[in-house]
Enquirer: 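First the structure, which I've put down as structure tokens, then a few questions once you've had a look.
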Protein chains: 2
Amino acid sequence: MARAVQKRTLETRARLVAAAEKVISEVGYDGLRVEQVVQRAGVAKGTFFAHFPDKDALMDLLMGARMDAILDEVGHRPPPRSTAELVDSLMPLLRFMTCERYVFDVILRHSGAAARSEIGPIAMNFGRQIDLLADKLTNGPFRSDIDSGLLAEGVQAFAVQAMALVFCALHNETDLRARLTVYLDAWLMPPR
Amino acid sequence: MARAVQKRTLETRARLVAAAEKVISEVGYDGLRVEQVVQRAGVAKGTFFAHFPDKDALMDLLMGARMDAILDEVGHRPPPRSTAELVDSLMPLLRFMTCERYVFDVILRHSGAAARSEIGPIAMNFGRQIDLLADKLTNGPFRSDIDSGLLAEGVQAFAVQAMALVFCALHNETDLRARLTVYLDAWLMPPR
DNA sequence: ATTTTATATTGACCGCGGTCAATTATTGAG
DNA sequence: CTCAATAATTGACCGCGGTCAATATAAAAT
């Protein structure tokens with residue numbers, strides 16, 4: 001029979017996560033080195049990989065947590081009454097997802113809307129986004145010929161498309177907002 | 001004044017590309033190792049990086065070439081008269097883009113590349129896709145309230161969304177086709 | 001032909017993610 | 001408490017992408 005998790009294990013893991021967050025606050029996600037994390041946490045390199053299958057898994061955890069926090073806050077707002085309001089409510093999330101090129105890459109890779117069989121924190125968050133969006137989009141001023149789940153998936157697809165353009169040198173956040181608005185107007189409010 | 005490119009340079013580059021294609025045909029894109037490519041090409045490792053900024057650049061080149069070839073063939077067909085036909089004509093491209101998870105990752109990473117000056121083959125191909133799609137979608141049986149360029153961008157966004165789901169363990173190609181059809185019906189033919 | 005300059009190639013070396021056999025700590029059973 | 005079983009930790013080591021000062025080769029200048 002399986003033994004209980006040792007207290008030590010939880011402490012080590014917590015120290016690793018704390019150290020990682022500290023490192024990220026100093027050098028960004030892209031600048032994080034596992035070597036430096038374990039040094040700060042006061043453990044050996046192997047210990048890191050006993051707690052996380054790979055570096056990506058740590059990133060998944062940390063980014064997923066950030067995204068969940070943002071979603072929690074956004075979730076409380078009243079349903080949007082226009083695509084502009086919808087885009088506004090999405091912006092905090094999109095801003096984080098595009099804060100670094102590396103962040104966007106990792107998120108895409110783990111979105112499950114992008115490419116993983118096992119469901120991690122980021123994939124879970126993408127699922128939450130769909131649920132939340134679907135909820136907010138029902139009974140709004142938007143098209144009602146298709147179900148709100150499909151509507152939500154479309155919003156996500158267009159959001160990804162719009163974010164990808166942020167990393168084309170010439171675009172900035174204003175473009176992101178404007179472009180997404182154009183997409184969502186066409187997607188959510190076709191002429192009836 | 002700039003000197004002409006040496007014949008030797010072109011030969012070396014050609015040998016590297018040929019070797020890479022051979023390796024890929026044996027072990028797939030994901031299995032390619034630079035070490036093995038240079039060994040086959042009969043050059044030193046450093047030579048590879050004198051010809052390509054990094055491994056990704058080689059992948060960009062090879063995958064972009066494949067995608068261009070596929071697009072060339074698909075481009076000749078008559079314009080689709082339904083979303084089903086449109087999806088059919090997209091399938092060869094989507095099939096290649098999802099042939100390996102690694103391939104899809106690389107393509108996503110390069111699809112909206114960095115600076116205009118350093119736009120690569122894959123990014124170019126994504127541009128071609130938009131142009132070709134926009135062309136085929138004009139004067140078709142699809143919605144005409146928005147311009148065909150926007151229409152095409154939406155198709156691309158939904159195609160990416162649909163492809164991403166291929167890598168969630170439970171989905172297969174049938175799902176890709178079916179899912180994309182649902183998306184594009186909603187996008188291209190909203191009830192008027 | 002010889003020197004000078006630009007370009008191509010080389011391979012030892014580095015950084016960093018990830019592995020694993022050996023070691024140490026924890027726990028439950030007698 | 002002792003001891004065997006299990007779990008956690010360690011750090012030397014590996015694979016592989018990428019760098020760079022040294023070297024070799026080609027092309028232009030004399």
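Order of the sequence lines sets the chain letters (A, B, ...), proteins ahead of strands, with each chain counted from 1. All values below were derived from every heavy atom in this structure, side-chain atoms included, with hydrogens, water molecules and symmetry-related copies excluded.
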Enquirer: Considering heavy-atom distances to DNA chain C, does A:Lys7 or A:Gly46 have its closest nucleotide positioned more toward the 5' end?
Expert: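 First, find each residue's nearest nucleotide; the 5'-ward one identifies A:Gly46.
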Enquirer: B:Asp30 CG to D:dC16 P: how many Å, rounded?
Expert: 12 Å
Enquirer: Base, sugar-phosphate or nothing for B:Thr47? Non-hydrogen atoms, less than 4.0 Å.
Expert: base
Enquirer: Distance-only, no hydrogens or angles: does the A:Ser82 side chain make a donor-acceptor pair with backbone N or O of A:Glu85 under 3.5 Å?
Expert: yes
Enquirer: Which residue lies toward the 5' end of DNA chain D, B:Asp56 or B:Gln6, if each is placed at its nearest nucleotide?
Expert: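 Counting from the 5' end, the first nearest nucleotide belongs to B:Asp56.
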Enquirer: Check every strand shown and say whether A:Lys55 touches a base, only sugar-phosphate, or nothing at a heavy-atom separation below 4.0 Å.
Expert: sugar-phosphate
Enquirer: When we call it a touch if two heavy atoms are under 4.0 Å apart, what does B:Leu58 touch: a base, just sugar-phosphate, or nothing?
Expert: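 If one applies the 4.0 Å heavy-atom cut-off, B:Leu58 turns out to touch nothing in the nucleic acid.
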Enquirer: Under 4.0 Å between a side-chain N or O of B:Thr12 and OP1 or OP2 of C:dT9?
Expert: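 So the side-chain polar atoms of B:Thr12 do come within 4.0 Å of the phosphate oxygens OP1 or OP2 of C:dT9, strictly under.
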Enquirer: Tell me whether the centres of the aromatic rings in B:Phe158 and A:Trp187 are closer together than 6.0 Å.
Expert: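 Yes, they do, as the ring centres are separated by less than 6.0 Å.
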Enquirer: Without decimals, in angstroms, what is the distance between A:Gln39 CD and C:dG15 P?
Expert: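 Interatomic distance, CD of A:Gln39 to P of C:dG15: 14 Å.
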Enquirer: Out of C:dT9, D:dT9, D:dA8, which has the shortest distance to the side chain of A:Ala50?
Expert: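 It is D:dT9.
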Enquirer: Look at A:His51 and D:dA8 and indicate whether a side-chain polar atom (N or O) is within less than 4.0 Å of OP1 or OP2.
Expert: no
Enquirer: Choose from D:dG17, D:dA28, C:dT9 the nucleotide whose nearest atom is closest to any side-chain atom of B:Arg3.
Expert: D:dA28
Enquirer: From the list C:dA25, D:dG18, D:dG11, which nucleotide is the closest neighbour of the side chain of B:Asp54?
Expert: D:dG18
Enquirer: Out of A:Leu132, A:Asn125, A:Asp131, which one pairs with A:Gln129 under the side chain to side chain contact (heavy atoms under 4.5 Å, CB included) rule?
Expert: A:Asn125
Enquirer: Where the side chain of B:Gln161 meets the backbone of A:Glu153, is there a donor-acceptor pair that is under 3.5 Å apart?
Expert: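 Yes, B:Gln161 side chain to A:Glu153 backbone: donor-acceptor pair under 3.5 Å.
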Enquirer: Would you mind checking if A:Asp30 and A:Arg101 are paired as a salt bridge, meaning a charged N to carboxylate O distance below 4.0 Å?
Expert: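 Judged by the 4.0 Å cut-off on N to carboxylate O distance, A:Arg101 and A:Asp30 do not form a salt bridge.
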Enquirer: Atom CZ of A:Phe48 and atom P of C:dC20: how far apart are they, to the nearest Å?
Expert: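 In whole Å, C:dC20 P lies 17 Å from A:Phe48 CZ.
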Enquirer: Using heavy-atom distances to pick each residue's nearest nucleotide on DNA chain C, tell me which of A:Val34 and B:Lys45 is more 5'.
Expert: B:Lys45
Enquirer: Round to the nearest Å and state the distance from A:Phe49 atom CZ to D:dC13 atom P.
Expert: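 For the pair A:Phe49 CZ and D:dC13 P, the rounded distance is 18 Å.
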Enquirer: May I have the distance from A:Phe52 (atom CZ) to C:dT19 (atom C1'), rounded to whole angstrom?
Expert: 18 Å
Enquirer: Without decimals, in angstroms, what is the distance between B:Leu16 CG and C:dT10 C1'?
Expert: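 Taking atom C1' of C:dT10 as the reference, CG of B:Leu16 is at 13 Å.
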Enquirer: Rounded to the nearest angstrom, tell me the gap between atom CD in A:Glu35 and atom P in C:dC14.
Expert: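 One finds 15 Å between P of C:dC14 and CD of A:Glu35, rounded.
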Enquirer: Using heavy-atom distances to pick each residue's nearest nucleotide on DNA chain D, tell me which of B:Leu32 and A:Gly42 is more 5'.
Expert: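 The residue mapped nearer the 5' terminus is A:Gly42.
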Enquirer: Within the structure, does a side-chain N or O atom of B:Arg33 lie under 4.0 Å from either OP1 or OP2 of D:dC16?
Expert: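 Result: yes.
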